[in-house]
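Bear in mind the structure is a predicted one, so any value in this text is a computation, not a measurement. We number each residue from 1, following the sequence as shown.
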Amino acid sequence: MNNGNIVEIKNLEKSYDKGRIKALNGIDLEIGKGEFVSIIGPSGSGKSTLLNMIGALDTADAGSINVAGNDLRKMKDLSAFRSQKMGFIFQLHNLIPNLTVLENVLIPMYGTGRKNNQMIDRAMEVLKYVKLQDKVSRKPTELSGGERQRVAIARALANQPPIILADEPTGSLDSKNGEMILQRLKELHEKENVTLIMVTHDMKVASMAERTIEVLDGEIQT
Ligand SMILES: Nc1ncnc2c1ncn2[C@@H]1O[C@H](COP(=O)(O)OP(=O)(O)O)[C@@H](O)[C@H]1O
Ligand SMILES: [Mg+2]
């Protein structure tokens with residue numbers, strides 16, 4: 001592992017449906033600490049599969065993934081690893097609908113050893129950062145799409161992870177809200193030196209990153 005890298009992937013393969021669908025076909029990829037990269041490609045090209053693998057949400061058929069110095073094949077407690085190292089901003093549906101905004105942001109902090117009042121202070125801090133301090137008692141269904149996506153950002157930031165993974169973070173938003181989400185993400189990368197890995201099928205969104213990685217049929221295009 002090169003010390004300047006936070007992600008190193010070698011010859012990664014993943015198939016679904018008993019090998020009938022090859023989602024990733026020998027991916028080699030290195031991402032530097034503090035880098036902002038976008039992963040672009042058409043629908044079905046393997047972008048989300050690749051992001052899920054980096055996030056230790058799914059396991060590989062072959063190849064290796066090293067994240068923040070850890071070989072994911074050898075990790076025992078993947079859920080602790082995820083909550084310490086990774087913030088996830090996925091599509092809108094993954095907020096818990098019957099919990100309030102505040103409760104949704106508290107979730108990743110459980111089990112991290114913080115006291116209740118520290119957790120609440122941190123949740124309020126990140127909710128303020130995304131300008132939702134006035135809506136902490138609402139349920140996700142009582143928010144607009146843009147506001148919900150800001151809750152997802154606040155939740156991803158709760159544990160101050162060094163890596164943020166975003167899958168189509170602006171996918172279902174109008175351009176004004178999409179712009180705002182992207183600005184917040186870019187700011188995090190610039191000011192907090194967070195490594196930001198963003199999947200999108202939108203060339204304009206992808207161009208905000210420092211580097212664009214193109215995936216086609218489960219392979220990286222060079
Ligand atoms: N859980 C799954 N079961 C079966 N096939 C899947 C599953 N997830 C993804 N696929 C298939 O793997 C390929 C890559 O999917 P995905 O990574 O979601 O692409 P993208 O995010 O680029 O649209 C597609 O052919 C998709 O249908
Ligand atoms: Mg996808």
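Ile21 forms part of a hydrophobic cluster together with Tyr16, judged by ILVMFWY side-chain heavy-atom separations under 4.5 Å.
Taking a 6.0 Å sphere around CG of Asp17, one finds it holds more than 12 heavy atoms contributed by other residues, nucleotides or ligands.
Across all their heavy atoms, Met119 and Leu106 have their closest contact at O-CD2, 3.5 Å. In terms of heavy atoms, Met86 sits closest to Ile54 at CE-O, 3.6 Å. Here the closest heavy-atom approach between residue Leu102 and residue Ala123 is recorded as CD1-CB, 3.6 Å.
A search for salt bridge (charged side-chain N to carboxylate O under 4.0 Å, His left out) contacts involving Glu179 returns nothing, not counting sequence neighbours. Taking Ala166 as the reference, Ile89, Pro169, Met198 meet the side-chain contact (heavy atoms from CB on, under 4.5 Å) condition, with sequence neighbours excluded. Among residues two or more places apart in sequence or in another chain, the side-chain contact (heavy atoms from CB on, under 4.5 Å) test is passed with Pro162 by Ile6, Lys85. Every residue meeting the side-chain contact (heavy atoms from CB on, under 4.5 Å) condition with Ser79, not counting sequence neighbours, appears here in chain and number order: Asp77, Arg82. Contacts of Asp174 classified as side-chain hydrogen bond (donor to acceptor under 3.5 Å, both in side chains), with partners at least two apart in sequence or in another chain: Asn177. Contacts of Glu30 classified as side-chain hydrogen bond (donor to acceptor under 3.5 Å, both in side chains), with partners at least two apart in sequence or in another chain: Asn5. Gln221 meets the side-chain contact (heavy atoms from CB on, under 4.5 Å) test with Glu214, Leu216, Glu219; sequence neighbours excluded. The ring pair (Phe, Tyr, Trp, His ring centres under 6.0 Å) test applied to Phe81 returns no partner, not counting sequence neighbours. Judged as a salt bridge (charged side-chain N to carboxylate O under 4.0 Å, His left out), and not counting sequence neighbours, the contacts of Lys186 are Glu190.
Side chains of Arg150 and Met180 form a contact here, defined as non-hydrogen atoms less than 4.5 Å apart. The shortest side-chain heavy-atom distance between Ile65 and Met75 does not fall under the 4.5 Å cut-off.
In this structure, Leu165 CG and Leu51 CG are separated by 4.5 Å, a value rounded to the nearest 0.5 Å. Between the CG atom in Asn11 and the CG atom in Leu24 there is a gap of 11.0 Å [rounded to 0.5 Å]. Put simply, CD1 on Ile39 and CD on Glu168 are 11.0 Å apart, with the number rounded to the nearest 0.5 Å. Note that CE of Met203 is 5.5 Å distant from OG1 of Thr212, once rounded to the nearest 0.5 Å. Atom CG of Asn25 and atom CD1 of Ile220 lie 11.5 Å apart (nearest 0.5 Å). Note: Leu132 CG to Met124 CE = 10.0 Å, rounded to the nearest 0.5 Å.
Using a cutoff of 4.0 Å between basic side-chain nitrogens and carboxylate oxygens, Lys33 and Glu35 are not scored as salt-bridged. At a threshold of 4.0 Å, the pair Glu147-Arg138 does not count as salt-bridged, since none of the basic side-chain nitrogens sits closer than that to a carboxylate oxygen. Contact check on Lys204 versus Asp202 returns no salt bridge, with no Lys/Arg side-chain nitrogen under 4.0 Å from an Asp/Glu carboxylate oxygen.
Applying the side chain to side chain donor-acceptor pair (under 3.5 Å) definition to pairs two or more places apart or across chains, those involving residues 101-110 are Thr100-Glu103. Applying the side chain to side chain donor-acceptor pair (under 3.5 Å) test to every pair with at least one member in residues 59-70, sequence neighbours left out, gives these pairs: Ser15-Asp61.
At a cut-off of 3.5 Å, with distance as the only test, no side-chain donor of Thr200 or Ser38 sits close to an acceptor on the other residue. At a cut-off of 3.5 Å, with distance as the only test, a side-chain donor of Ser48 or Asp167 sits close to an acceptor on the other residue.
Side-chain atoms of Arg122 come within 3.5 Å of backbone N or O of Ala158 as a donor-acceptor pair.
Tyr129 carries Arg184 over the face of its six-membered ring, with the cationic atom under 6.0 Å from the centre and within 45° of the normal.
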